[in-house]
Number of protein chains: 2
Amino acid sequence: MSKDYGQFCGLAKAASVLGERWALLVLRDLSLGPRRFGDLQKGLPGIPTTVLTTRLRELEEHGIIERQAPPLGRRGLVYAMTDHGRDLTPILDALGRWGARRMADPGTHDVMTSSSLAGALRSAYRPGVIPDEVTIRVAAGPVLAWARTTPDGVAVGAGIPDGPIDLTITTGPAMRHILAGTLSPSEALATGALAFDGSRELFDLFPRAFHVPLDPTIIQGEST
Amino acid sequence: MSKDYGQFCGLAKAASVLGERWALLVLRDLSLGPRRFGDLQKGLPGIPTTVLTTRLRELEEHGIIERQAPPLGRRGLVYAMTDHGRDLTPILDALGRWGARRMADPGTHDVMTSSSLAGALRSAYRPGVIPDEVTIRVAAGPVLAWARTTPDGVAVGAGIPDGPIDLTITTGPAMRHILAGTLSPSEALATGALAFDGSRELFDLFPRAFHVPLDPTIIQGEST
DNA sequence: CGGTATCCCTTGCGATACTG
DNA sequence: CAGTATCGCAAGGGATACCG
């Protein structure tokens with residue numbers, strides 16, 4: 001059971017569950033779709049199995065996630081968000097945007113995961129820039145994610161999207177500066193920090209449709 | 001130094017600081033205004049001095065709070081939010097609303113603090129219901145807070161407000177059900193769970209201007 | 001009053017090994 | 001593949017004592 005703060009306060013109740021180690025990252029991964037135990041473990045490098053087990057149990061006890069029978073013919077269970085858990089999605093996105101403001105470049109031991117990339121795309125999305133329904137694929141080395149714009153927002157996911165792809169962006173950590181607007185797409189193309197395949201028009205819209213500002217107080221190279 | 005997750009991810013960075021024990025509650029209190037060490041300690045029942053010291057230092061290192069010279073003639077230092085910290089306020093409110101959805105009645109060991117009450121008011125506020133600038137005082141036993149509506153939102157605080165008071169509400173844990181809309185003001189008046197002093201008209205507007213829904217799945221008496 | 005310094009105890013975390 | 005069992009270690013909780 002997670003630690004309580006002994007206060008009759010919504011924030012205190014939230015903190016007692018979400019403040020546990022790894023909890024927010026487990027939820028980020030599950031916010032992108034149902035996952036099996038092993039998926040989560042692979043997607044969260046460094047998480048001890050015992051901790052993952054404990055977090056999943058606590059989150060289930062609090063009605064934030066639930067175990068489901070797997071989709072059609074697959075074996076094992078999957079963990080999935082409940083409605084109550086899905087209510088957290090915009091908050092996770094806001095927290096991610098806030099944290100990213102001071103995150104310019106990866107630290108020595110920082111890795112990117114498909115879920116973190118997908119989450120970044122979701123939290124970066126600004127409606128109204130891209131009028132059509134399009135599918136964008138982003139590849140940062142082995143890390144793959146996609147975003148599909150819809151009339152009411154954006155759907156994102158880890159891995160490879162179903163259906164046709166309108167734009168593929170291949171990049172690395174430079175993606176952070178694209179999202180920040182501190183590196184223009186054409187510059188990035190010139191230096192080879194980034195490549196694309198598909199609609200040039202869509203490519204040019206990308207930095208306005210997906211944007212997470214960078215705090216001006218952050219200087220290049222520093223990022224805790 | 002707070003624990004990192006080794007991921008190049010805004011949410012992971014946020015979680016590494018905000019996930020530390022007591023961090024979110026320290027920030028809730030500071031989001032209501034500058035506080036001295038002792039203020040925080042009194043307002044956060046159960047926090048060990050060592051942990052408060054550590055959290056304050058970490059939050060300062062991350063540029064979320066800062067130490068300031070005290071206002072005019074008082075001695076000692078005060079801790080206050082930086083701009084970066086203030087950016088968290090809407091997120092804290094959203095988290096508080098989310099946590100409060102499953103919080104119907106106080107647990108046996110749950111206390112209310114002036115900061116938690118003030119925070120509840122801020123997160124509950126819905127613009128557009130109260131047209132004027134008014135000051136509302138809420139007393140739940142020894143716990144005092146106030147809210148002043150303004151054209152662009154609401155200002156809240158712990159303790160007693162400056163200036164004239166348009167409405168005083170005296171209540172207890174029943175306040176949660178007023179905010180939820182599961183207890184009508186007139187009912188509460190009849191049972192004595194609540195009393196008010198001041199504008200009746202404003203009193204009747206209150207539940208619409210300050211609202212935090214309660215999850216229907218929660219049954220009376222249960223609240224972890 | 002605003003902390004720092006210790007001490008002891010308990011808990012949770014992280015790593016590894018192992019079982020259904 | 002999906003966890004449980006175990007264990008050493010670091011950190012938090014709580015009390016108390018003490019400095020500026």
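Here is how names work: the chains are called A, B, and so on, in the same order as the sequence lines, proteins then strands, and each is numbered from 1.
B:Leu27 has its side chain within reach of B:Ile65: a pair of non-hydrogen atoms, C-beta onward, lies under 4.5 Å apart. Considering only heavy atoms from C-beta on, A:Trp98 comes within 4.5 Å of B:Leu18 through its side chain.
Stacking of A:Arg21 on the aromatic ring of B:Tyr5 is recorded, both the 6.0 Å distance cut-off and the 45° axial limit being met.
A salt bridge (charged side-chain N to carboxylate O under 4.0 Å, His left out) check over residues 113-122 of chain A, counting only residues at least two apart or in different chains, returns the pairs A:Asp93-A:Arg122.
In this structure, B:Arg55 atom CZ and C:dG3 atom P are separated by 16 Å, rounded to whole Å. In this entry the distance linking CG of B:Leu40 with P of C:dG3 reads 9 Å, nearest Å. Between the P atom of C:dC13 and the CG atom of A:Leu56 lies a distance of 13 Å, rounded to the nearest Å. Atoms CZ (A:Phe37) and C1' (D:dT4) sit 10 Å apart, rounded to a whole Å. One can place NE2 of A:His109 at 16 Å from P of C:dG14, the figure rounded to the nearest angstrom. Between B:Leu52 atom CG and C:dA5 atom P the separation is 15 Å, expressed in whole Å. Rounded to whole angstrom, the span from the CD atom of B:Glu20 across to the P atom of D:dA10 amounts to 16 Å. Distance B:Arg57 CZ to D:dA11 C1': 14 Å, rounded to the nearest Å.
Proximity note for A:Arg36 (side chain, C-beta onward) versus C:dT4, D:dA2, C:dC13: the nearest is D:dA2.
Using a 4.0 Å cut-off between charged side-chain N and carboxylate O, A:Glu60 and A:Arg57 make no salt bridge.
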In sequence, state the C-alpha distance, the side-chain angles, and the governing distance for A:Leu95 and A:Arg28, and then conclude on side chain to side chain contact (heavy atoms under 4.5 Å, CB included). CA-CA 11 Å; A:Leu95 268 176; A:Arg28 179 200 61 191; over 6 Å; no

If a protein heavy atom is under 4.0 Å from the base, mark B; if only from the sugar-phosphate, S; if neither, -; do that for nucleotides 13-20 of chain D going 5' to 3'. SS------

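The side chain of B:Tyr79 places an N or O atom within less than 4.0 Å of a non-bridging phosphate oxygen (OP1 or OP2) of C:dG3.
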